[in-house]
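Order of the sequence lines sets the chain letters (A, B, ...), proteins ahead of strands, with each chain counted from 1.
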Amino acid sequence: MSTEPVPCLSAAAEAVLFAAAEPLTIADLARALACDDQQAAAAVARLRERLKETGSGLDVVEIAGGYQLATRPTFRECVGRMMAREPGRLSRAALETLAIIAYRQPITQPEIEAVRGVGCGSVLRTLIERNLIAETGRRPTVERPILYVTTPSFLHYFALADLSELPPLEEPSEVPSVTDYRDAASAETTAG
Amino acid sequence: MTAASPTFQLPAFEGPLDLLLHLIRENQVDIYDIPIALITQQYLDYLESWQARDLAIAGEYIVMAATLLELKSRMLLPSPPREAEDEEDPRAELVQRLLEYQRYAGSVETLRQWEEYRRGLFFRGATENPDDYVLPMAPGSLRGSDLVAALRRLMEGAGIEEAAVSAIVPRRRVSLQMAMVTVLRAVRRNPEGVRFSALFDGPVSISEVVLMFLAVLELLRRGTVQVRQRQPLSDFRLRLDPAGEPSVN
């Protein structure tokens, strides 16, 4: 196996990725192909190239910490028509909650609610049901609130390789501490 | 702010902070210098219009209304003698919350785009290890009618006709005569005897069994075959009666 000619490795990687249900890491692939990590990575790169050059309907995407065969977005309509039903979208409440958890994890429900200004109990339940977030323990305070983190499915749902792909949040600039707010307020009331 | 507040949604807003940011944008005012009186008024107008349309207003909106009114009154109070240079703007905490919320609400658009992109990608499920095959059925994927259809196919394959629901019930063209021939052929082919159950080939209907049994009784009566049964209700063995007349007619 170790003396297998290199061109075959990309075909082998294709076979392995085809049969896999989940994203495979380079280490997973190396184990399956009986080669080292470097060769596995090269095999994946060559496979991607070949799929592109031959105009394949498939592509290897880097997602949720690994590599996976996926249909090319160009053909989304065709595949979509074949599917029995259109996959749903997350609500804005769910996306807001997910954004907060993604950036601030691990985070508790009261902390999320403090940011959003509304209760999040049902949204959290939905996200747990969809396996986008998970409990990871409890904050060791008196109330011992549950801590939530995002899951690999979260990465998969948004086609992210890992959490580092999240764009940096812009830091809020300092709120001016003293302004002539009273003047502003009185001016406003006299005007109104 | 309770953990399990109901999931109804006020029109287009994800909560009081979202509504406030909307008002701030709409009025094109500086978030660091919110005209509290104006914004409070518009905020209350919104709540009133919802109420007029019989929409339940979540407690969070009421709490925010109270906060705004409190801010408004504090800002109208005459200046106390300034004790410290860095006296805090009463609006500071609210502004901080709005900014914090805005940061995350802003990334919703990014998530939305990723979600959209991802919806264009489709992945295979796992190929099963043949050892791990399970019925690949999600709950609700089959209906009762599918089961009936499957059973019908199976029965047709086995040559069994379902009792037709139509008006004409086809008669099975198997006579006692034919059953007797079947029994005789079997016992002649197997001089050492044949079990009653071995007379049938594949799944059978009750009427076939009864007919075959009647045939055996008839042959027994004529003395053509002998029957031996070990115990009541068990299968029994048939053999040609050496003294019998091998005739059917």
Discussion item. For A:I63, which atoms come within 4.5 Å of any heavy atom of chain B: side chain, backbone, both, or neither?
Written reply: side chain
Discussion item. Quick check: closest heavy atoms across A:A19 and B:R124, and the distance to 0.1 Å?
Written reply: CA-NH1, 4.3 Å
Worksheet item: Side chains of B:L111 and A:E96: does their closest heavy-atom pair fall under 4.5 Å?
Response: no
Practice prompt. Can you tell which part of B:Q41 gets under 4.5 Å to a heavy atom of chain A, answering side chain, backbone, both or neither?
Written response: neither
Worksheet item: Mind checking whether A:V61 and B:F123 have side chains closer than 4.5 Å, heavy atoms only?
Response: yes
Item to complete: Could you look at A:S91 and say if it's the side chain, the backbone, both or neither that has a heavy atom under 4.5 Å from chain B?
Response: backbone
Practice prompt. Run the salt-bridge test on B:E109 and A:R92 with the 4.0 Å N-O cut-off and return the result as yes or no.
Written response: no
Worksheet item: Do B:E60 and A:E113 have side-chain heavy atoms sitting under 4.5 Å apart?
Response: no
Worksheet, complete the sentence: When rounded to the nearest 0.5 Å, the distance separating OH of B:Y104 from CD1 of A:I101 is 11.0 Å
Worksheet, complete the sentence: Among A:L160, A:L166, A:L124, A:V115, the residue with the most heavy-atom pairs under 4.5 Å to chain B is A:V115
Worksheet item: Side chain, backbone, both or neither: which part of A:R72 has a non-hydrogen atom closer than 4.5 Å to chain B?
Response: backbone
Fill in: Non-hydrogen side-chain atoms of A:L95 and B:R112 separated by less than 4.5 Å
yes
Item to complete: Flag this pair as yes if the NZ/CZ of A:R116 is under 6.0 angstrom from the six-membered ring centre of B:Y101 and inside a 45 degree cone about the axis; otherwise no.
Response: no
Worksheet item: For atom CD of B:E93, is the number of surrounding heavy atoms from other residues, nucleotides or ligands below 6.0 Å larger than 12?
Response: no
Worksheet entry | Atom group of A:L69 that falls short of 4.5 Å from chain B, counting heavy atoms | backbone
Item to complete: Give a yes or no on whether the backbone of B:F122 and the side-chain of A:T71 come within a donor-acceptor separation of less than 3.5 Å.
Response: yes
Discussion item. Counting only heavy atoms not in B:F200 (residues, nucleotides, ligands), do more than 12 fall under 6.0 Å from its CZ?
Written reply: yes
Worksheet item: Which pair of non-hydrogen atoms, one from B:G15 and one from A:V118, has the smallest distance, and what is that distance?
Response: CA-CG1, 3.4 Å
Discussion item. How long is the straight-line distance from CG of A:L169 back to CD of B:Q102, given to the nearest 0.5 Å?
Written reply: 11.5 Å
Discussion item. Between B:E115 and A:Y157, is there a side-chain donor-acceptor contact under 3.5 Å, judged purely by atom types and distance?
Written reply: yes
Worksheet, complete the sentence: chain A shares the most heavy-atom pairs under 4.5 Å, among B:L98, B:L121, B:I31, with B:L121
Response to the item:
Most contact-rich option vs chain B, by heavy-atom pairs under 4.5 angstrom, among A:T74, A:L58, A:L98, A:V79, is A:V79
Discussion item. Under a 4.5 Å cutoff for heavy-atom pairs, which residue among A:Q68, A:E22, A:M83 has the most contacts with chain B?
Written reply: A:Q68
Worksheet item: Is there side-chain contact between B:R118 and A:F158, with heavy atoms separated by less than 4.5 Å?
Response: no
Worksheet item: What part of A:L90 is in contact with chain B, defined as an atom under 4.5 angstrom from a non-hydrogen atom: side chain, backbone, both or neither?
Response: both
Worksheet item: Counting only heavy atoms not in B:R195, do more than 12 sit closer than 6.0 Å to its CZ atom?
Response: no
Worksheet, complete the sentence: Heavy atoms of B:R97 and A:G117 approach each other most closely as NH2-CA, 3.7 Å
